[in-house]
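This report refers to the structure that appears directly beneath it.
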Amino acid sequence: MTNATIQHYINGEISSGTSGQAQDVFNPATGQVTGQVALANRADVDAAVAAANAAFPAWADTPPIRRARVMFKFLELLNRHKDDLARAITAEHGKVFTDAQGEVSRGIDIVEFACGIPQLLKGDYTEQVSTGIDNWTTRQPLGVVAGVTPFNFPAMVPMWMFPVAIAAGNTFVLKPSPLDPSASLMIADLLRQAGLPDGVFNVVQGDKDAVEALIEHPDVQALSFVGSTPIANLLYEKGARHGKRIQALGGAKNHMVVMPDADLDKAVDALIGAAYGSAGERCMAISVAVLVGDVADKIVPKLAERARTLKVKNGEELDAEMGPIVTAAAHQRITGYIEKGVTEGAELVVDGREFDASTTGKGCENGFWMGGTLFDHVTPEMTIYREEIFGPVLVCVRVPDIGTAIQLINDHEFGNGVSCFTESGHVAREFGRRIQVGMVGINVPIPVPMAWHGFGGWKRSLFGDTHAYGEEGVKFYTRQKSIMQRWSESIEHGAEFVMPTAK
């Protein structure tokens with residue numbers, strides 16, 4: 001991939017664009033530049049939207065079963081090339097290869113769901129709602145829709161969006177992260193091979209300028225976003241001003257409650273994997289362990305031992321448990337949070353800044369490396385508790401009982417994901433009912449819903465009214481039309497001046 005130029009994909013062709021601007025793409029494991037990615041200007045975005053707009057009428061008129069057949073072929077090609085996608089993700093994001101494989105597999109689930117679009121688009125029909133009148137509803141596509149996706153899941157998160165959108169009859173413009181852009185072009189090529197008409201799926205590489213151009217473009221009907229809460233909030237408000245449908249998924253501070261009756265060894269396994277997997281760069285990562293009663297004194301030493309012995313190395317190594325941080329800037333930001341935690345009085349049990357990069361493999365000494373960090377005796381007013389760190393930092397908060405744990409979590413501004421480890425059915429039921437979080441796991445540390453259920457948090461973790469993918473996704477990318485019909489033989493003579501009622 002050295003010196004590769006990652007470009008745009010517009011109207012079925014690779015395009016260099018017109019901006020002349022680009023930025024470096026790195027392999028986080030080595031710290032080396034592997035190529036450049038083009039950065040779109042407004043003219044490039046206009047070209048992609050124009051291609052999508054031109055392709056929309058014919059694609060929307062394509063019978064759903066034929067659109068589904070393209071998705072089936074795409075599904076087949078994805079399964080054939082999923083390891084190629086995973087390798088590209090590891091090379092640019094840094095996550096371990098097995099984790100990248102899992103990401104692609106979860107994206108494939110959404111594509112498989114989208115293959116059922118003929119059933120998902122079925123409307124309702126009522127005969128004889130009034131004398132001689134029948135009423136039915138349909139769901140129709142919006143037009144050109146766009147997706148702005150983050151660096152941490154360069155294949156899966158786009159697949160949360162475009163398979164459902166395209167299967168429903170829309171055309172799509174994807175703006176992926178410039179940090180790991182190669183997966184987007186691989187996906188575009190597989191869609192082309194699957195028989196998707198030119199212009200139905202387009203990719204504009206870029207930064208915030210491309211996002212602003214999409215949100216302001218009059219022909220873009222809806223935009224899906226996954227990223228930080230400040231940007232999600234901004235796009236939601238700006239999109240509303242421009243009359244667009246917006247689905248903006250923001251930040252998180254996901255808690256895992258460990259009850260005294262929980263199997264502590266399994267809880268430790270869950271916390272280690274959920275906190276340090278993908279270097280904590282997941283919106284569903286567990287970053288807070290809420291330890292109830294006497295659990296803390298038992299579990300913190302176990303967590304510390306595991307955090308110190310994490311296999312942190314090049315993600316291409318199959319025994320790696322954690323790879324590097326995605327960029328040098330992200331590494332610096334996470335380091336700043338660790339320093340802030342120490343300054344504010346939290347107990348630093350394991351310091352990931354002390355990690356020895358020489359253990360990561362040949363040629364990786366200059367990568368963006370960090371070990372797992374563990375804090376204990378963290379309190380709610382501390383910065384490392386309140387803010388999303390998005391790195392391999394697990395903080396432990398001690399509480400006396402489940403009621404305090406629930407209140408602690410409900411008081412947080414984010415409500416993305418949460419978990420509770422317990423053997424009590426009563427505690428599990430009460431926790432699930434009373435917690436103010438969108439995705440809940442009981443003895444499941446990362447409760448990402450399966451493809452047919454839909455993903456989304458509460459509070460400042462989601463801006464918009466519908467969750468991603470699943471039937472919620474179908475609703476987001478379509479609008480309902482109600483049709484009432486009667487024929488002249490059943491129409492009474494004479495004008496009617498009152499509100500129509502059932503007769």
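The figures that follow rest on heavy atoms only: side chains count, while hydrogens, waters and symmetry mates do not.
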Working to the nearest 0.5 Å, report the span between CG of Asp265 and NZ of Lys298. 12.0 Å
Working for side chain to side chain contact (heavy atoms under 4.5 Å, CB included), residues Ser16 and His8: CA-CA 6 Å; Ser16 59; His8 316 297; over 6 Å; no
Taking the side chain as every heavy atom from C-beta outward, state whether Leu78 and Lys82 have any atom pair closer than 4.5 Å. no
Mark yes when over 12 heavy atoms from residues, nucleotides or ligands other than Lys475 sit less than 6.0 Å from its NZ; otherwise mark no. no
Separation between SG of Cys396 and CZ of Phe375, rounded to the nearest 0.5 Å: 10.5 Å
Answer yes if the side chains of Asp401 and Thr404 hold a donor-acceptor pair under 3.5 Å, and no otherwise. yes
May I ask you to decide if the ring planes of Tyr477 and Phe172 are parallel, tilted or perpendicular, using 30° and 60° as cut-offs? perpendicular
Are the side chain of Lys459 and the backbone N or O of Asn410 linked by a donor-acceptor pair below 3.5 Å? yes
Assess, by modelled atom type and distance only, whether the side chains of Asp44 and Thr18 contain a donor and an acceptor separated by less than 3.5 Å. yes
Examine Phe113 together with Trp452 and report whether their ring centres are nearer than 6.0 Å. no
Is a side-chain N or O of Thr34 found less than 3.5 angstrom from the main chain of Val25, in a donor-acceptor match? yes
Would you indicate whether Glu423, at its atom CD, is surrounded by more than 12 heavy atoms from other residues, nucleotides or ligands within a distance under 6.0 Å? yes
Closest non-hydrogen atom pair between Ala155 and Ile89, with its separation: CB-CD1, 3.8 Å
Between the CG atom in Leu85 and the OG1 atom in Thr90, the distance rounded to the nearest 0.5 Å is 11.0 Å
Would Lys313 and Glu317 satisfy salt bridge (charged side-chain N to carboxylate O under 4.0 Å, His left out), going step by step from the backbone distance to the final call? CA-CA 7 Å; Lys313 56 172 67 176; Glu317 302 289 337; 5.3 Å; no
So Met256 and Val288, do their side chains get closer than 4.5 Å, heavy atoms only? no
Short question: side chain of Glu103, backbone of Met156 - any donor-acceptor pair under 3.5 Å? yes
Given the rule in the side chain to side chain contact (heavy atoms under 4.5 Å, CB included) test, do Phe225 and Ile246 qualify, once you have shown the distances and angles that lead to the verdict? CA-CA 8 Å; Phe225 170 83; Ile246 300 293; over 6 Å; no
Say whether, by atom type as modelled, one donor and one acceptor occur between the side chain of His331 and the main chain of Trp369 under 3.5 angstrom. yes
The test is salt bridge (charged side-chain N to carboxylate O under 4.0 Å, His left out); show your working for Asp269 and Lys266 and say whether it passes. CA-CA 5 Å; Asp269 286 342; Lys266 291 179 180 177; over 6 Å; no
In this structure, are over 12 heavy atoms from other groups packed under 6.0 Å from Gln332 atom CD? no
Show your working on side chain to side chain contact (heavy atoms under 4.5 Å, CB included) between Met259 and Cys420 and close with a plain yes or no. CA-CA 8 Å; Met259 294 297 293; Cys420 179; 4.2 Å; yes
Once you round to the nearest 0.5 Å, how far does NE2 of His467 lie from CD of Gln247? 9.0 Å
Residues Asn41 and Gln21: side-chain donor-acceptor under 3.5 angstrom: no
For the pair Thr373 (side chain) and Gly352 (backbone), establish whether a donor and an acceptor sit closer than 3.5 Å, ignoring hydrogens and angles. yes
Do Val440 and Pro447 come close enough that some side-chain heavy atom pair is under 4.5 Å? no
Any donor-acceptor N or O pair under 3.5 Å, side chains Thr383, Glu344: yes
Residues Leu214, Val49; criterion side chain to side chain contact (heavy atoms under 4.5 Å, CB included); working and verdict: CA-CA 8 Å; Leu214 285 169; Val49 174; 4.1 Å; yes
Verify, without hydrogens or angle tests, whether Ser287 (side chain) and Leu394 (backbone) share a donor-acceptor contact under 3.5 angstrom. no
Among Asn152, Asp99, Asn254, which one satisfies side-chain hydrogen bond (donor to acceptor under 3.5 Å, both in side chains) with Arg282? Asp99
Run the numbers on Arg433 and Glu430 for salt bridge (charged side-chain N to carboxylate O under 4.0 Å, His left out), then give the verdict. CA-CA 5 Å; Arg433 288 184 67 239; Glu430 287 299 296; 3.7 Å; yes
Quick check: closest heavy atoms across Ala52 and Asn202, and the distance to 0.1 Å? CB-ND2, 3.7 Å
When you compare the side chain of Val258 with that of Val292, does any pair of heavy atoms fall below 4.5 Å? no
Do the side chain of Ser278 and the main chain of Gly280 share a donor and acceptor less than 3.5 angstrom apart? no
Answer yes or no for Lys244 and Tyr236: cation-pi contact, defined as NZ/CZ to six-membered ring centre under 6.0 Å and angle to ring axis within 45°. no
Pair Glu387-Lys253, salt bridge (charged side-chain N to carboxylate O under 4.0 Å, His left out): steps then yes or no: CA-CA 7 Å; Glu387 297 184 9; Lys253 197 71 179 180; over 6 Å; no
dist Ile325:CD1 -> Arg333:CZ (nearest 0.5 Å) comes out at 8.5 Å
Is any side-chain heavy atom of Asp109 closer than 4.5 Å to one of Met450? yes
Ser419 side chain to Val444 backbone, donor-acceptor under 3.5 Å: yes
Parallel, tilted or perpendicular: ring planes of Trp160 versus Phe455, cut at 30 and 60 degrees: tilted
Does any part of the side chain of Val397, heavy atoms only, come nearer than 4.5 Å to the side chain of Leu291, both counted from C-beta? no
Got a sec: does the CZ of Arg386 have more than 12 other heavy atoms crowding it under 6.0 Å? yes
Counting only heavy atoms not in Asp465 (residues, nucleotides, ligands), do more than 12 fall under 6.0 Å from its CG? no
Please evaluate residues Ser184 and Gln205 with respect to the criterion side chain to side chain donor-acceptor pair (under 3.5 Å), reporting the C-alpha separation (whole Å), side-chain torsions for both, the decisive distance (0.1 Å), and the verdict. CA-CA 9 Å; Ser184 63; Gln205 312 289 357; 3.1 Å; yes
Under 3.5 Å, is there a donor-acceptor pair between the Thr379 and Glu381 side chains? yes
Expected output: side-chain Ser461 to main-chain Gly251 donor-acceptor under 3.5 Å: yes
Measure from the side-chain N and O atoms of Trp458 to the backbone N and O of Gly417, and report whether any donor-acceptor pair falls under 3.5 Å. no
Approximate separation, where rounding is to 0.5 Å, of Met322 CE and Met370 CE: 8.0 Å
Hey, are Glu321 and Tyr276 close enough side-chain-wise for a donor-acceptor pair under 3.5 Å? no
Are Phe162 and Val173 packed together at the side-chain level, in the sense that at least one heavy-atom pair is separated by less than 4.5 angstrom? no
Do Thr422 and Asp261 have a side chain donor and acceptor closer than 3.5 Å? yes
Please verify the inter-ring angle class for Tyr385 with His412; under 30° counts as parallel, over 60° as perpendicular, anything in between as tilted. perpendicular
Side-chain contact test, heavy atoms from C-beta onward, threshold under 4.5 Å: evaluate it for Ile166 versus Phe201 and give yes or no. yes
